[in-house]
Structure formats: C-alpha cells, structure tokens
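Encoded as structure tokens, the structure appears first; notes follow it.
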Amino acid sequence: MIHFRILGGVYLCDDTGESFEVRGTLRRTLLALLLVNRGQVVPHEQLANELWPDRVPSCYVNALEAHVARLRRDLERVGTNRSGHQLIATNRIGYSIHLDKEELDLDVANSLLTKAHRLACSNPEESIALMEHAFDLWKGPALAGVSELSQRLRAHALQIEERYVLELEKYIDLHLECGHDEYVIVTLRELTTRYPHRERFVEQLITALGRQGRKVEAADLFRSVRTCMIKDFGIEPSKDLNRTLQEALNTSKG
C-alpha cells in the first residue's frame with residue numbers, strides 16, 4: 001500500500017489511497033529529504049542546510065525537532081499503518097524514515113519497471129502493460145514544489161526524471177517491436193514536443209513514420225529538428241539520427 005508520493009508533489013496517502021498534501025513548505029521539504037534518503041539517518045546539520053540555505057537558525061536542532069513533531073502528527077492524522085514515531089526515528093545525530101515494502105510510489109514504480117525488463121524479450125506485451133502501470137504513478141515532475149528549494153532534492157528530481165525518460169524510450173522500443181506504429185506516432189508527437197531535444201524520441205518517430213510509408217513527414221521532421229539543433233546548440237544531428245532517416249526513406253511499407 002502506497003502511503004507516500006513524490007512522483008509529482010509530496011503527499012501522504014491513507015489506506016483508501018486518497019492523497020493529502022503535507023502542510024507547510026518546510027515540513028514538505030523535510031519529509032521529502034527523509035523520503036529520498038529512506039532507511040538512512042540524515043544528520044541534523046544536513047537537514048538544516050537544506051531547509052534554511054540562506055541562514056541556518058542558531059537553534060536549528062530545536063527547530064528541526066518541532067517540525068518533526070508536527071510531521072509525525074500529520075502521519076497519525078492521515079492514518080498510516082504505523083505511528084509517526086515508528087515511521088520517523090530519532091537518532092542522536094539526526095532523523096530517518098523507515099518504510100515497509102511498496103509504501104513509496106517511486107519504489108513501486110521501480111519494482112514494476114524491473115519486472116517489465118525481465119519480460120521484455122519473452123513477453124513484450126506484458127512488459128508494456130507493466131510499464132504503463134508504473135508510468136501511471138507519475139502525477140507530474142518528481143518532488144514538485146520542493147525540488148527548487150533544496151540542492152539535494154533538485155539532484156534527486158533530475159535523476160528520477162532521467163530514469164523516467166529512459167524508461168519511456170524503452171517503452172516506445174517495445175511498441176515498435178510489437179508493430180504498434182500508429183500508436184507510436186501519436187505518442188511520440190506529444191513526447192517530442194515535451195522533450196524537443198531528446199534525439200532518441202525523434203529517431204523512434206522517424207522509424208515509425210518510415211514504416212508507415214510517411215517518408216515526406218519523416219524528412220520534414222528531420223529538417224525541423226536539424227534547424228532547431230543548429231539554432232539552439234550550434235551542432236548537427238548525430239550520425240544515429242542521420243542513419244535512422246536514411247533507413248526510414250529506404251523502408252518499404254509492409
């Protein structure tokens with residue numbers, strides 16, 4: 001049962017699955033810092049530096065204690081399966097949060113993606129279904145609303161986002177393998193807009209267009225991407241993208 005969400009904003013969830021936003025920016029940031037370091041003690045000083053980057057209070061240990069106490073009460077109000085003191089442990093040097101298996105949405109998503117990878121060769125359709133289940137857990141940018149307030153959370157958010165995009169690339173590859181070209185074209189129209197500089201998505205879209213005999217569209221897409229890359233970065237498209245275009249132009253619709 002998921003009790004914590006970070007794939008989007010930072011939320012607590014009750015046993016029915018309903019989500020509740022943690023009140024207060026500092027409290028949300030504190031919970032996020034504990035969640036991304038789940039199972040590990042986060043020292044007082046590290047928490048203070050992340051929560052108060054401009055000026056750490058002289059009595060920051062007491063301030064942290066007060067915020068942790070409020071956070072524990074939040075957990076008990078939502079009604080998770082353990083008390084706030086069981087979830088958030090106090091250590092002489094800091095605090096830690098200890099989660100049961102699959103209490104954090106990120107861990108559930110990663111578990112589903114791992115299962116999907118194991119099935120990718122033997123059962124690509126089932127692998128696709130598992131990946132879709134994992135993607136459903138993404139409600140928006142990871143750690144939204146707090147990642148911009150903490151360097152550590154920003155780094156974690158970027159890492160999670162990169163994993164998400166790489167998994168989307170694998171997901172599209174599976175659809176191409178299964179011959180779902182029309183679905184790929186529709187999906188990649190949106191993804192190439194959301195991630196305009198992600199060459200792999202462009203390669204996949206060009207491949208799908210070529211297999212559907214839409215070679216003019218494939219060539220137009222390549223030219224558009226090339227123009228943007230030269231304008232934005234001063235570089236030409238990669239050899240892989242050029243090769244993908246040539247293969248698409250030489251493909252006969254089957």
Side-chain angles (χ1 to χ4, degrees), residues 1-22 28 31-32 34-39 75 78-82 87 97-147 153 155-195 198 200-205 207-208:
M1 172 66 69
I2 292 174
H3 284 300
F4 301 91
R5 295 188 180 277
I6 62 173
L7 299 178
V10 180
Y11 293 91
L12 304 176
C13 304
D14 63 16
D15 288 336
T16 70
E18 184 175 358
S19 297
F20 301 86
E21 187 173 40
V22 179
R28 280 196 302 276
L31 176 59
L34 294 175
L35 288 172
V36 299
N37 292 284
R38 53 203 176 281
L75 294 172
V78 169
T80 54
N81 58 355
R82 286 172 288 155
L87 282 162
I97 193 165
H98 299 273
L99 304 183
D100 288 339
K101 186 179 180 181
E102 299 192 335
E103 281 193 290
L104 179 66
D105 58 354
L106 176 62
D107 290 339
V108 176
N110 286 339
S111 177
L112 288 166
L113 292 170
T114 298
K115 292 176 184 176
H117 296 165
R118 287 200 294 263
L119 290 171
C121 294
S122 61
N123 192 340
E125 295 284 3
E126 178 63 18
S127 181
I128 285 171
L130 286 168
M131 296 186 88
E132 287 173 347
H133 190 185
F135 295 150
D136 285 343
L137 295 173
W138 261 270
K139 308 300 182 183
L143 299 163
V146 295
S147 63
L153 292 180
H156 279 286
L158 290 171
Q159 184 181 48
I160 294 168
E161 176 72 5
E162 178 64 18
R163 169 80 190 275
Y164 174 61
V165 177
L166 288 172
E167 294 296 342
L168 284 173
E169 292 176 357
K170 295 174 185 175
Y171 172 73
I172 296 297
D173 280 335
L174 285 171
H175 276 291
L176 287 170
E177 181 183 330
C178 292
H180 305 160
D181 295 335
E182 287 296 341
Y183 174 81
V184 166
I185 291 169
V186 172
T187 302
L188 283 175
R189 291 294 191 194
E190 190 272 326
L191 288 176
T192 51
T193 299
R194 198 194 320 172
Y195 303 101
R198 199 82 185 189
R200 181 63 187 142
F201 286 144
V202 178
E203 289 177 30
Q204 292 168 321
L205 180 51
T207 295

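All residue numbers in this chain count up from 1 along the given sequence. Worth saying up front: this structure is predicted, and the values here are computed from it rather than measured.
- D173 pairs by the salt bridge (Lys or Arg N to Asp or Glu O under 4.0 Å) definition with R200, not counting sequence neighbours.
- In terms of the salt bridge (Lys or Arg N to Asp or Glu O under 4.0 Å) criterion, residue partners of E162 (sequence neighbours excluded) are, by chain and number, R198.
- The side-chain heavy atoms of I97 and L31, taken from C-beta on, include a pair separated by under 4.5 Å.
- Residues satisfying the salt bridge (Lys or Arg N to Asp or Glu O under 4.0 Å) test with E126, not counting sequence neighbours, are none.
- Within the model, atoms CG of L106 and CH2 of W138 stand 6.5 Å from one another, a figure rounded to the nearest 0.5 Å.
- Residues passing the salt bridge (Lys or Arg N to Asp or Glu O under 4.0 Å) test with K170, sequence neighbours excluded: E167.
- Ring geometry for Y195 versus F201: interplanar angle of 30 to 60°, hence tilted.
- In this structure, S111 contributes its side chain and D107 its backbone to no donor-acceptor pair below 3.5 Å.
- Residues L137 and R5 meet the side-chain proximity criterion, which asks for heavy atoms closer than 4.5 Å.
- Interatomic distance, CE of M131 versus CG of L112, reported as 10.5 Å (0.5 Å rounding).
- At a threshold of 4.5 Å between non-hydrogen side-chain atoms, the residues E169 and L166 count as touching.
- Atom CG in L153 sits 9.0 Å away from atom CD1 in I160 (nearest 0.5 Å).
- Closest approach of E177 and A120 over heavy atoms only: OE2-O, 4.3 Å.
- You'll find the side chain of V36 reaches within 4.5 Å of the side chain of L143, heavy atoms only.
- For H180, the NE2 atom counts as densely surrounded, since its 6.0 Å shell holds more than 12 non-hydrogen atoms of other residues, nucleotides or ligands.
- In this structure, F135 and Y164 have perpendicular ring planes: the angle between them is above 60°, well past the 30° mark.
- Side-chain contact between L205 and V184: absent, with no pair of heavy atoms (C-beta onward) separated by less than 4.5 Å.
- Between D105 and K139 there is no salt bridge, since none of the side-chain N atoms of the basic residue sits less than 4.0 Å from a carboxylate O of the acidic one.
- Looking at residues two or more places apart in sequence or on another chain, you find no side-chain hydrogen bond (donor to acceptor under 3.5 Å, both in side chains) involving E21.
- Contact annotation: the side chain of Q204 never approaches that of L191 to less than 4.5 Å [non-hydrogen atoms, C-beta and beyond].
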Start with the C-alpha gap between L188 and V202, add the side-chain angles, then the distance that decides, and say whether side chain to side chain contact (heavy atoms under 4.5 Å, CB included) holds.
CA-CA 8 Å; L188 283 175; V202 178; over 6 Å; no
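- Atoms CZ and NE2, from R38 and H98 in turn, are 13.0 Å apart once rounded to the nearest 0.5 Å.
- When all heavy atoms of A142 and A157 are compared, the pair lying nearest together is O-CB, 3.6 Å.
- Atom CD1 of residue I6 and atom NE2 of residue H156 lie 8.5 Å apart, to the nearest 0.5 angstrom.
- In this structure, V22 and R28 approach most closely via the heavy-atom pair O-NH1, 2.8 Å.
- Residues D15 and H3 form a side-chain contact, since some pair of their non-hydrogen atoms from C-beta on lies under 4.5 Å apart.
- Between A109 and A134, the shortest heavy-atom contact is O-CB, 3.8 Å.
- The shortest side-chain heavy-atom distance between S127 and L130 does not fall under the 4.5 Å cut-off.
- Y11 is linked by a ring pair (Phe, Tyr, Trp, His ring centres under 6.0 Å) to nothing, counting only residues two or more places apart in sequence or in another chain.
- Note that CD1 of I185 and CD of E190 are 15.0 Å apart. Values are rounded to the nearest 0.5 Å.
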Might you work through the side chain to side chain contact (heavy atoms under 4.5 Å, CB included) test for F4 and L34, ending with a clear yes or no? CA-CA 11 Å; F4 301 91; L34 294 175; over 6 Å; no
